[in-house]
Amino acid sequence: MKIKSILISVFVFMALLSSVSCAAAGNSERIDNTAASLLHEKIYLYDEGNVPYGDDCREFCFMTPYLAAYPTGGAVLVFPGGGYNHLSNSTSDVKGYGQGVDNNGNQKESSSIAAWYNERGISVFVVNYRTTAVEPNADYRHILSDAARAMRIVRGNAEKYYLSKDKIVVQGYSAGGHLAAMLLTQDEWVPDDENYVPDEYDKISAKPNAGVLCYAALSFQDELANKSTRKIFSGGDKALYDRFSAEKCVTANTPPCFLWCHEKDGTVNSGNTYAMAEALDKAGVYNECHVYDDNGTTAHGLGVAQEYEEARAWPDEATAFLKNMSF
């Protein structure tokens, strides 16, 4: 088992902890949210007729809530993978749109990890963002708009969901890991579509408080990039490769990150994870990186990875990482 763990100094870490509120919605008493935890009704990201870069995709832009029965105040926004051409949490092929537009079933990159976090008091919102399965011309504008909007809605409804506004994490798998990293490293994303009418949510920060990056396709550099993922997100514009290579966008203000992957992943080069960890290290950002071997497996899209002797530890390790920051 190969593990690389990186931690900043205890003084910086304690300063980080002091910035995080101690209890959900400012209340230290245990909250029983069992009734709401059983409901998973879609939360649409946009109003009818007001979707940036294309009104016809509104029904595919939503979150599915998995609220903790006894919330600690922490929340994780989950971005499933799928190479930006579909969503891995799909269970059906919707006529006229293709695979990757719903969020049904016990999916390994969505509801499975939601159940894991819920048992530990952390609420989860699985985000359905636009891909080329529903919008053939989808690129960074559509995708980033959806991700930022999801973050703003969750933060804007923190009290309703018994959350702390300072305990909201982004977690992504594969291409979804790249999307999570974009929220972690890019400036506040605001749609520049002149037909889109901003509302009160658009005034809220979309900056996450931490990130969990799972076998993420983070780099757009030739030696590391998953070429199809890069092509869709950038729209094929080579001038955008540096701008959207996560490891090149890390600064001292990047939130703490937990990263993991398999050394010989056959779809996303493990060098993506190493490069991001190195960039975080150089910037002095609190982070923890785990690279597993599991007998040289080349498998990708592992989700909770409970069938792997080494990687199966990652959900507990990620949870411990978040709990160390009072999530």
Supply the atom-to-atom distance Leu77 CG to Tyr129 OH, rounded to the nearest 0.5 angstrom. 12.5 Å
Atom pair OG (Ser245) and CZ (Phe220), whose distance is rounded to the nearest 0.5 Å: 6.5 Å
Verify the neighbour count for atom NZ of Lys227: are there more than 12 heavy atoms of other residues, nucleotides or ligands below 6.0 Å? yes
Does Val250 belong to the same Ile/Leu/Val/Met/Phe/Trp/Tyr cluster as Leu240, with side-chain heavy atoms less than 4.5 Å apart forming each link? yes
Go through the side-chain N and O atoms of Asp293 and His262 and say whether any donor and acceptor fall under 3.5 Å apart. no
Please name all residues satisfying side chain to side chain contact (heavy atoms under 4.5 Å, CB included) with Leu224, sequence neighbours left out, ordered by chain then number. Ser219, Asn269, Asn272, Ala275
Glu263 and Tyr274: side-chain donor and acceptor closer than 3.5 Å? yes
In plain terms, say whether Arg152 and Asp199 are close enough for a salt bridge, that is, a side-chain N and a carboxylate O under 4.0 Å apart. no
ring-ring contact (aromatic ring centres under 6.0 Å, His included) with Tyr161: which residues, sequence neighbours excluded? Phe125
Beyond-backbone contact of Val170 with Met151, side-chain heavy atoms, under 4.5 angstrom: yes
Verify the distance criterion only: is there a donor paired with an acceptor across the side chains of Thr34 and Asp32 at less than 3.5 Å? yes
Candidate list Arg155, Lys167, Lys165, test side chain to side chain donor-acceptor pair (under 3.5 Å), partner Asn209, passing option: Arg155
Counting C-beta onward and ignoring hydrogens, is there a side-chain heavy-atom pair between Asn195 and Asn50 closer than 4.5 Å? no
Verify whether one side chain among Tyr46 and Asp146 offers a donor that lies under 3.5 Å from an acceptor in the other. yes
With Tyr53 as reference, evaluate Asp192, Asp139, Asn137 under the side chain to side chain donor-acceptor pair (under 3.5 Å) test and give the passing residue. Asp192
Do His142 and Pro191 have side-chain heavy atoms sitting under 4.5 Å apart? no
If you measure only the distance, is there a donor-acceptor pair under 3.5 Å linking the side chains of Thr273 and Trp260? no
Charged N-O contact under 4.0 Å between Arg230 and Asp222: yes
Are any of the side-chain nitrogens in Arg149 or Asp202 under 4.0 Å away from the carboxylate oxygens of its partner? yes
Mind checking whether Tyr140 and Phe244 have ring centres under 6.0 Å apart? yes
Listed partners of Ile232 passing side chain to side chain contact (heavy atoms under 4.5 Å, CB included), at least two apart: Tyr84, Asn85, Thr132
Start with the C-alpha distance between Phe327 and Ile168, add both sets of side-chain angles, then the distance that settles side chain to side chain contact (heavy atoms under 4.5 Å, CB included), and finish with yes or no. CA-CA 8 Å; Phe327 278 79; Ile168 304 179; 6.0 Å; no
Using the rule given for ring pair (Phe, Tyr, Trp, His ring centres under 6.0 Å), can you reason through His290 versus Phe258, listing the C-alpha separation, both sets of side-chain angles and the distance that settles it, and then say yes or no? CA-CA 8 Å; His290 297 257; Phe258 179 97; 5.2 Å; yes
Any chance CD of Glu309 has more than 12 other-residue heavy atoms, nucleotides or ligands included, within less than 6.0 Å? no
Phe321 and Asp316: side chain to side chain contact (heavy atoms under 4.5 Å, CB included), yes or no, with the steps? CA-CA 9 Å; Phe321 175 84; Asp316 276 335; over 6 Å; no
Around atom CD of Glu223, are there more than 12 heavy atoms of other residues, nucleotides or ligands at under 6.0 Å? yes
For the residue pair His178 and Thr229, confirm or rule out a side-chain donor-acceptor distance under 3.5 Å. no
Give a yes or no on whether a salt bridge exists between Lys207 and Glu188, defined as a side-chain N under 4.0 angstrom from a carboxylate O. no
Is it the case that the side chains of Tyr173 and Gln171 hold a donor-acceptor pair, with the cut-off being a distance below 3.5 Å and no angle test? yes
Heavy-atom side-chain contact between Tyr117 and Val212 under 4.5 Å: yes
